[in-house]
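Take a look at the structure below.
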Amino acid sequence: MDNVTTAGHAPAGAHAHGHAHAHDHEQSFVWKYVFSQDHKVIGIQYTITALLFLLFGFALMALMRWQLAYPMQPIPVIGGLLGMANAPGGIMLPEFYNQLGAMHGTIMVFLGVVPLAVGGFGNYVMPLMIGAPDMAFPKLNMASYWVYFIGGVVMLVSFFIPGGAAQSGWTSYPPLSVITATDGQTMWLIGMIFLITSSLLGSMNFIVTIIQLRTKGLHFFRLPFFVWAQFVTSFLLLLAFPPLEAAGVLQLMDKVAHTSFFLPSGLVVGNKVMAIAGGGNPLLWQHLFWFLAHPEVYVLILPAMGIVSEIIANNTRKPLWGYRVLIYAIIFLGFMSFVVWAHHMFMTGMGTTMNSFFQTTTMIISIPSVIILSALFLSLYGGSIRYNTPMLFALAFLPMFGIGGLTGLPLGLAPSDIHLHDTYYVIGHFHYVVAPGTIFALFAGIYYWFPKVTGRQMNEMLGKIHFVGSFIAINGIFFPMFIQGLHGVNRRLYDGGVQYAHAQPVLHWNMFMSMSAWTLMAFQIVFIVNFFWSIKGGKRVGPNPWNATTLEWTATTSPPLAHGNFETQPEVFRGPYEYSVPGRSTDYFPQNQRD
Amino acid sequence: MEIPYTVEVRPDTGLSNGKLGVWLFLSSEVMLFAALFSSYILLRVGSTEWPHGYEELNVPMAFFNTIVLISSSVTMVMAWASLKMNEFAKFKLYLGATIVLALVFLVVKYFEYEHHLVAGEGPSHSTFLAIYFTMTGLHGLHILGGIIVNTYLWGPGNKMWKTEPERFTNRIEIAGLYWHFVDLVWIFLFPMLYLL
Amino acid sequence: MSSGHADDIRKHVKTYLMVFGALMVLTVVTVAISYLHLEVHEAIMIALAVATVKGSLVALYFMHLNHERKLIYYSLALTAVFFAFLMIIPLATNLDKIVQK
Amino acid sequence: MREFLEIPIAASAHAGQIDQMTELTHWLMAFLFVGWGSFFIYTLIRFRSGANPKASYEGVKSHFASYIEWAVAGIELVLIVVFAIPAWAARVDAFPQESQATVIRVVAEQFAWNVHYPGADGQFGRARPDLMSADNPLGIDRTDPAAKDDITTINQLNFPINKPVIVHLSSKDVIHSFSLIQMRVKQDSIPGESIPLWFTPTVTGDWEINCSQLCGLGHYRMRGFYSSKTQEAYDTWMKEQVAELAAAQ
Ligand code: HEA
Ligand code: HEA
Ligand code: CUA
Ligand SMILES: [Cu+2]
């Protein structure tokens, strides 16, 4: 069959194999697995670290949800472990609540989802998909992981310094973030600068790899959609992150060198005039922050869309509907994401001109999302759908992202945003996109590519339990948020709004939502067990267990380390999703198969 | 398996990996400094009073530094040209000159900073000085980075010339692109901060 | 840079020296103009114009942008567009104020 | 739809416009959700591998989806041009005359709302940061003639109905957000800036001022009260305040 590349089995491979080994054994364990320059090891390092951060970010939220469900009541069992400074008598202090909130957002976005979606999946899968021996700059790749690691450590350490971690939200709006006396914010800024640097190194590497190392015959319109998603994502990271880096430096100056870039003249804190030069502008931070953070939300979603598209094509056993349209849509989406940032700032005193501009761009940007989602829905039509665990998660992504995306519309129209801004409606909106959306897509990806890494499939039964439980629980957390939000309940409330009269009719939901959150957590145990158990005990499978067409499946299982993915360079003859091609005996037609 | 296109160019893009990489890196640098320029404009337009740079800063010193940096850009490009012409000795000379000029730049900058700090006019003194220190400081860090890279290439890194001359020449070109960019930023910083 | 012919390079070297001269002259010009203490408006325009010319010289000749590959031009064009978006920021905040007054 | 969404009572003249916006958008959302949702469920059942063992290479051939996409774009355009932009322009451009309105200054601080009425002369007295103290949180300079009759309250905002209210909003320390849910008013208060906003209350009632922007550890309890009164009730209240002020001086 495709003797070009199934190396381990082809006799021609034997020689090359020995060669790869000679290359390997000079490396000690540390260089092979810790300071590795191989994209697969780095991908795994990213994946594990990011999963741990996701779990940690979730744990922070599980604590917060206690306070929201049972305000001012001692946290059972672990309440006493949190320390006097955070939770005297097991009762969480508002400072601590704010720290947890800020760090939950930061960790989930910058240390969890992006490193998993880009650093993990992107690193492991993308070079295989394009038939490359490795990333273009292996050393930078390694540096990018370790810089990320340091950034993560800085963020974690900040919990243990006096005064605790940052507590001004993941958005860190000044003057609050600057005038808050504790050092957590300084740590946050330093951590962010590391994370940004890591992303810049990574994204540059990705772009060069995709442009330069595509194998023979793999021109741009034959790339799997996942690779396109990574490509556009990398551009977003490359060009949107630097402004936040600049803003971070400016805020660091404000914190450390007592400048006043973001502090206007005449600030009075606690009825004392602050001794600062003044003349700064708090809105400057918001502009620079959202200039990154809006593209950043698409950084969260695009790789997820990429993963979902791969899995849907594979499990419907038919080509994606409108492959080219998808690509044009994602490019347009990436481009437009740079001109909508101020829709997060409608309430800052915006005039009609700017307001109309940003509302319009926001509505425009929703169109490519509608197109992408429609194309994925249409892809199902006429398929022969296999309901395995990756597919279940991928399918769930569609309506969940749909709900999240649709609820972005009333937020994007400034008049309705007046009522909804900074309420739980916003929290509901974006969690639907990131949690049952992106997180589900990431789960789908883990179940899907697990056999490539380990040679074993994860347990289907446990996978389905994980799916059903998570799906129900996660909707139980986030759907009531829309109800609360429409009633006007604000976000970031330490007590969940018990003081406010308008919140009373919907307050009982808090307990329900928290229960759902803990249930969700319980179901993650199934996943964790499945994950670790399957590494050793999962069902053994061949290199292409899903009968897929893209190049990563033509490489051997857990391809050899040290820049050697394929024994011979694969050559590509067709598009990525040639499933059920009429007149063929098998229902899949790999990209590298001549005919 | 070796990673392709580290030395030779990929036929359909006409580029080597390093070349493309450094331009992407410079693109992100453009956005970094653009954000600072944007902040500068915003703060300046919104301010009630903004000093003329020449009232607060030492224009002759900065003028001198501008000359120094432009010269170092020329020596840098000459270093690369020397390699292209196979004149390794000249290359050493030119790259050495680039490094020395960069050091001169930093020394002059040090005296400028010292003058302000001794007078008690640190970054917290006014928004103007704040942005001055931030932007020149960040630029100074870029200079420092360039010095480190260039020194490596001048010293231990030049071994590659014997084994892989073409790859080494590419490295010098890439280091040069970065260095010219640092020069380019200064060309804008100088009038913006000192002259307006 | 496509060719490595020594003769070609020598020609380039001449260009580099000429560009060097131009940059020096322009630097002197900017400083000289600043001593005229023009209106802020004009001063900014002139200073930025001169800086742009200088910057272009560096980019075109030293960084060889005068003949580079298409791909580099594309990525720089993209950056230029986003650069322009960033410059909306000061405009955005101030346009609002103008509108409200 | 409005009842279904359970939006709180609309107590100002423009609230209806805002709710209409919310409502229309939710209709669009519901339409897309139900439409695509039914399609989704149908395909999941109809095209399961058991029922359809051989997938079709071509899949959907109709262009129906692209019509939907154009329709969505068209509807969004209408929402913006016909509803959103005019509604916003009325908020920020079409300010009523100050003489025709109840003019109030609100200054936020960690964690309270300071309210400043100009008094009978209709002029706000000078406020100086250096005079700010626990007793005089607004830092009103009572030596200024215009300040003599100024009334101040903390966490209590009152205004009469059926007459525009103009609020000049600012902050002493950090960014807060002034939100009167029932009036459909929300505006960030930015230190260093005074941002005007206006609305016309139409319903009487006693409700709460929310702070909608994270402003520190007391954010959750930065709650004020506001009272939308009939003109008579407002006048009575104002008289009491004037009398109190006179007694204090
Ligand atoms: C991955 C993350 C992600 C994504 C993809 C989006 C997508 C969108 N977002 Fe969201 N957003 C966030 C993450 C995200 N957002 C976050 C994190 C915040 C809050 C930040 C903070 O303040 O802390 C936020 C806040 C936010 C605001 C500010 C709200 C406020 O603070 O007041 C706005 C306003 O315009 C907005 C709008 C939009 C729009 C119009 C889209 C559009 O792109 C959506 C387009 C998609 C669709 C229109 C769906 C199409 C659906 C169908 C075709 C059919 C569906 C069918 C079925 C369901 C069966 N978002
Ligand atoms: C990517 C982003 C992301 C993700 C995924 C999540 C996930 C979740 N979030 Fe979060 N959230 C934010 C980003 C995110 N959040 C942001 C930006 C804010 C605003 C912060 C601010 O106000 O500044 C916020 C705020 C926020 C609030 C509002 C707090 C407030 O306003 O006071 C709440 C309340 O319930 C909440 C809840 C949750 C819950 C229950 C989840 C759950 O869905 C969690 C689900 C998690 C998992 C399912 C983890 C899976 C991982 C594993 C199982 C690990 C396995 C490990 C190994 C195998 C080793 N979040
Ligand atoms: Cu004030 Cu929140
Ligand atoms: Cu956004």
Side-chain angles (χ1 to χ4, degrees), chain A residues 203-204 207-208 210-212 220 231-232 234-247 250 262 264 280-292 294-295 331 334-358 361 414, chain C residues 1-4 30 34 37-45 47-101:
Chain A
S203 54
M204 181 184 118
I207 298 174
V208 175
I210 295 173
I211 293 180
Q212 293 282 96
F220 269 96
F231 189 60
V232 176
S234 299
F235 269 103
L236 299 186
L237 288 172
L238 185 78
L239 297 176
F241 247 139
L244 184 65
E245 186 155 32
L250 295 180
F262 302 124
N281 187 335
L283 289 184
L284 173 60
W285 168 267
Q286 297 191 18
H287 279 295
L288 293 175
F289 181 85
W290 290 116
F291 192 88
L292 158 86
H294 187 87
I331 294 175
F335 183 83
M336 286 305 291
S337 71
F338 279 85
V339 260
V340 299
W341 77 87
H343 67 207
H344 297 271
M345 299 168 61
F346 284 146
M347 301 306 135
T348 55
M350 213 182 255
T352 314
T353 326
M354 277 300 129
N355 182 282
S356 317
F357 175 75
F358 283 108
T361 54
Chain C
M1 286 311 311
S2 41
S3 75
T30 355
S34 82
H37 298 308
L38 296 172
E39 284 284 309
V40 182
H41 233 70
E42 292 164 14
I44 291 179
M45 292 311 257
L48 280 186
V50 177
T52 311
V53 173
K54 285 166 71 182
S56 315
L57 286 177
V58 172
L60 288 177
Y61 293 100
F62 291 172
M63 301 170 90
H64 310 311
L65 268 186
N66 51 351
H67 38 52
E68 197 37 280
R69 296 290 153 185
K70 272 213 197 78
L71 207 62
I72 304 272
Y73 289 140
Y74 290 152
S75 72
L76 288 179
L78 191 69
T79 313
V81 173
F82 292 152
F83 180 96
F85 291 163
L86 251 183
M87 293 302 150
I88 299 178
I89 289 177
L91 187 72
T93 43
N94 290 295
L95 208 64
D96 296 341
K97 293 212 186 79
I98 297 163
V99 168
Q100 276 183 7
K101 263 162 206 158

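Not measured: the values here are computed from a predicted model. Every chain is numbered from 1 and lettered A, B, ... according to where its sequence line falls, protein lines coming before strand lines.
- Residue Leu238(A): no heavy atom, backbone or side chain, is found under 4.5 Å from chain C.
- Interatomic distance, Leu71(C) CG to Ile211(A) CD1, rounded to the nearest 0.5 Å: 4.5 Å.
- Checked against a 6.0 Å centroid threshold, the rings of Phe85(C) and Phe338(A) do not count as neighbours.
- Only the side chain of Phe235(A) comes within less than 4.5 Å of a heavy atom of chain C; its backbone N, CA, C and O stay farther away.
- Contacts with chain A were tallied for Leu86(C), Val81(C), Thr79(C); Leu86(C) has the most, counting heavy-atom pairs under 4.5 Å.
- Contact of Phe291(A) with chain C is made through the side chain alone, with heavy-atom distances under 4.5 Å.
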